[in-house]
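First the structure, in the form of structure tokens, and then the observations on it.
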Protein chains: 2
Amino acid sequence: MNIQDVILGILCKQPHSGYEIKRHFEEYFSFFFDASFGTIYPTLSKLEGLNLITKEAVRQEGKPDKNVYTITEAGKEHFRSYLVQPAEKEVLRSDFLMHLYFGDMADEETMNTLLREGLQNKRDMYTDLEQKMNQLDGKLSPHQKLCIELGLVQYKAFIMKLEHVLESSGEGPAPS
Amino acid sequence: MNIQDVILGILCKQPHSGYEIKRHFEEYFSFFFDASFGTIYPTLSKLEGLNLITKEAVRQEGKPDKNVYTITEAGKEHFRSYLVQPAEKEVLRSDFLMHLYFGDMADEETMNTLLREGLQNKRDMYTDLEQKMNQLDGKLSPHQKLCIELGLVQYKAFIMKLEHVLESSGEGPAPS
DNA sequence: TAAAACATGTAAGTAGTTACATGATTCC
DNA sequence: GGAATCATGTAACTACTTACATGTTTTA
């Protein structure tokens, strides 16, 4: 998986500008993928050069003009070949877990802060994702809904485990 | 968090060669961090140049010689300053979820394979991690054990959700 | 009139991977 | 003698991020 595949996937459904693609990343799958404008725009140029998408300038009222990209038949074919490949290994990079792993070298105060902030952070992520699912409910395919639900159950498991640990460590109940 | 911090953290406990550091990555935290030899060796040279670690050639019997690196006081100080920083945002990159998200564009057979392979993959990861925890039980600090447990509960939640989905999709019970 | 949102793009740098290259030593 | 493991390193490349640069339009 690289950004090219993801952009082609988004454009399969309907044409979008680079700005809209970035919004799509944030709205629909920020929890398992992200990319910056610094990658999106050059990638769109590259895909256009490969004739996998075409560009069209669109004037807007009340907003600056935008470049809207449409996928070509070759682009769709390219995306289909991505889709039937086996999924690559999932990669997690967690600075929280790294801090926790080396926790014995830090003082108790630092570790308490780490755990509390880690817990609050996951609670916020859970709430955001849940809200997103409720807002988007009608627009989501069953597959897309499952994506979000898989995120939610994993967050929930993490939260419950950490709450349990904080509760039984003599710090009193973790505040909700 | 970058590789430098992680290597310094490992060397805080005891001196290691580059090869041993790679083994440590694989054994103790492959599920939330990884790095290749192509990064480890240049990073060790760089850390040595910064006087954060020192190198010593060690002859071994029955094995090739190795370069063993020891952390300096400056290196320890550097690592401590990493440890008290707030943890960076966790990053997940999941090709499985991306495939699932675009599932409507694939046929049923492809999606079934994806879900089954995704489930089996997580089950394998769960088993590996569980085995590791049991093997390492005596060597692990409570913090380190919690790291692994947080991994396990999240894997478990993913597995249970996917099993439930596969069971109720008329495909018969998912094989264990 | 300033901030926020919309919109596009580039340049420099970071942080890594993969593949290559080499060699010792052990075990089957 | 060949595979596996131990061991180190480099070169080319990939894939990004961050910061910079610019400009429009709306909203408070």
Side-chain angles (χ1 to χ4, degrees), chain A residues 1-8 10 15-27 29-30 32-50 53-69 82 88-95 98, chain B residues 1-8 10 15-27 29-30 32-50 53-69 82 88-95 98:
Chain A
M1 170 178 59
N2 52 36
I3 277 202
Q4 291 175 51
D5 300 319
V6 182
I7 288 179
L8 289 175
I10 291 171
H16 284 293
S17 68
Y19 195 82
E20 287 160 1
I21 287 169
K22 172 71 172 152
R23 288 276 155 272
H24 196 104
F25 285 174
E26 278 160 14
E27 198 170 354
F29 41 72
S30 60
F32 62 88
F33 186 82
D34 196 21
S36 63
F37 287 122
T39 337
I40 292 169
Y41 289 118
T43 303
L44 285 167
S45 298
K46 193 180 168 188
L47 289 173
E48 197 195 0
L50 293 168
I53 60 177
T54 56
K55 177 162 79 173
E56 189 194 358
V58 170
R59 287 209 188 130
Q60 299 187 107
E61 280 172 42
K63 287 181 188 176
D65 298 353
K66 62 180 176 181
N67 298 329
V68 171
Y69 293 90
Y82 157 74
E88 286 162 29
K89 197 179 165 298
E90 177 179 291
V91 176
L92 172 67
R93 200 183 163 109
S94 172
D95 195 24
M98 194 59 80
Chain B
M1 170 179 59
N2 52 37
I3 277 203
Q4 290 176 51
D5 299 319
V6 182
I7 288 180
L8 288 176
I10 291 172
H16 284 293
S17 68
Y19 194 82
E20 287 161 0
I21 288 169
K22 173 71 172 153
R23 290 275 156 271
H24 198 104
F25 286 173
E26 279 160 13
E27 197 170 355
F29 40 72
S30 60
F32 63 88
F33 185 83
D34 196 22
S36 64
F37 286 123
T39 335
I40 292 169
Y41 288 120
T43 302
L44 285 168
S45 298
K46 194 180 167 188
L47 290 172
E48 197 195 0
L50 293 167
I53 60 176
T54 57
K55 178 163 78 172
E56 190 194 357
V58 170
R59 286 210 189 130
Q60 299 187 107
E61 278 171 43
K63 287 179 188 179
D65 298 353
K66 63 181 176 181
N67 297 327
V68 171
Y69 294 89
Y82 156 75
E88 287 162 28
K89 198 180 164 297
E90 177 179 292
V91 176
L92 172 66
R93 199 184 165 109
S94 172
D95 196 24
M98 193 59 81

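Sequence lines set the chain letters: A, B, ... in the order given, protein chains first and strands last, and positions in each chain run from 1.
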- When the distance from CE of B:Met1 to C1' of C:dG16 is rounded to whole Å, what number comes out? 13 Å

- What does A:Tyr69 touch in the nucleic acid at a heavy-atom separation under 4.0 angstrom: a base, only the sugar-phosphate, or nothing? sugar-phosphate

- How long is the gap from CD on A:Glu90 to CG on B:Leu92, to the nearest 0.5 Å? 5.0 Å

- Scan side-chain atoms only and decide if B:Asn67 and B:Tyr41 contain a donor-acceptor pair under the 3.5 Å cut-off. no

- Query: Rounding to a whole Å, what distance do you find between A:Ile40:CD1 and D:dT18:P?
  - Reply: 13 Å

- Task: Ignoring backbone atoms, test whether A:Gln60 places a side-chain nitrogen or oxygen under 4.0 Å from the OP1 or OP2 oxygen of C:dC6.
- Result: no

- Taking only the side-chain heavy atoms of A:Asn2 (C-beta and beyond), determine which of C:dA15, D:dA15, D:dT8 contains the nearest atom. D:dA15

- Note on the structure: Taken to the nearest whole Å, CD/A:Glu56 to P/C:dT8 is 13 Å

- Message: Distance check needed: C:dA11 P versus A:Tyr41 OH, whole Å only.
- Response: 16 Å

- Contact class for A:Arg93 (heavy atom, under 4.0 Å): base, sugar-phosphate, or nothing? sugar-phosphate

- Message: If you assign each of A:Thr39 and A:Gly62 to its closest nucleotide in DNA chain D, which residue comes earlier from the 5' end?
- Response: A:Thr39

- Let me know the distance between CG of A:Leu47 and P of D:dA15, rounded to the nearest Å. 12 Å

- Picking from D:dT10, C:dT8, C:dA7, the nucleotide nearest the side-chain atoms of A:Asn67 would be C:dT8

- State the CZ-CG distance between A:Phe33 and A:Asn2, to the nearest 0.5 angstrom. 8.0 Å

- First encountered from the 5' end of DNA chain C, between A:Pro42 and A:Pro64: A:Pro64

- Task: Send over the distance from B:Glu26 CD to D:dT5 C1', rounded to a whole Å.
- Result: 12 Å

- Task: Using heavy atoms to find the nearest nucleotide of DNA chain D for A:Ala35 and B:Gly18 separately, return the residue whose nucleotide is more 5′.
- Result: B:Gly18

- Determine yes or no for a side-chain-to-main-chain donor-acceptor pair under 3.5 angstrom, with B:Lys22 supplying the side chain and B:Ala35 the backbone. yes

- Which of these nucleotides, C:dT8, D:dC16, C:dG16, is closest to any side-chain atom of A:Tyr19? C:dT8

- Please determine if a side-chain N or O atom of B:Arg23 lies less than 4.0 Å away from the OP1 or OP2 oxygen of D:dC6. yes

- Rounded to the nearest 0.5 Å, how far apart are CD of A:Glu20 and CZ of A:Arg23? 10.0 Å

- Note on the structure: Among the nucleotides D:dT18, D:dC16, D:dG9, whichever has the atom closest to the side chain of A:Ser36 is D:dT18

- Task: Scan A:Gly38 against the nucleic acid and name what it touches under 4.0 Å (heavy atoms): base, sugar-phosphate only, or nothing.
- Result: base

- Side-chain donor/acceptor of A:Asp95 to backbone N/O of A:Met98, under 3.5 Å: no

- Within the structure shown, what part of the strands sits under 4.0 Å from A:Ser17 by heavy-atom distance: base, sugar-phosphate, or nothing? sugar-phosphate

- Item | Interatomic distance, A:Asp34 CG vs D:dA15 P [rounded to whole Å] | 17 Å

- Atom NZ of A:Lys63 to atom C1' of D:dT27: distance rounded to whole Å? 14 Å

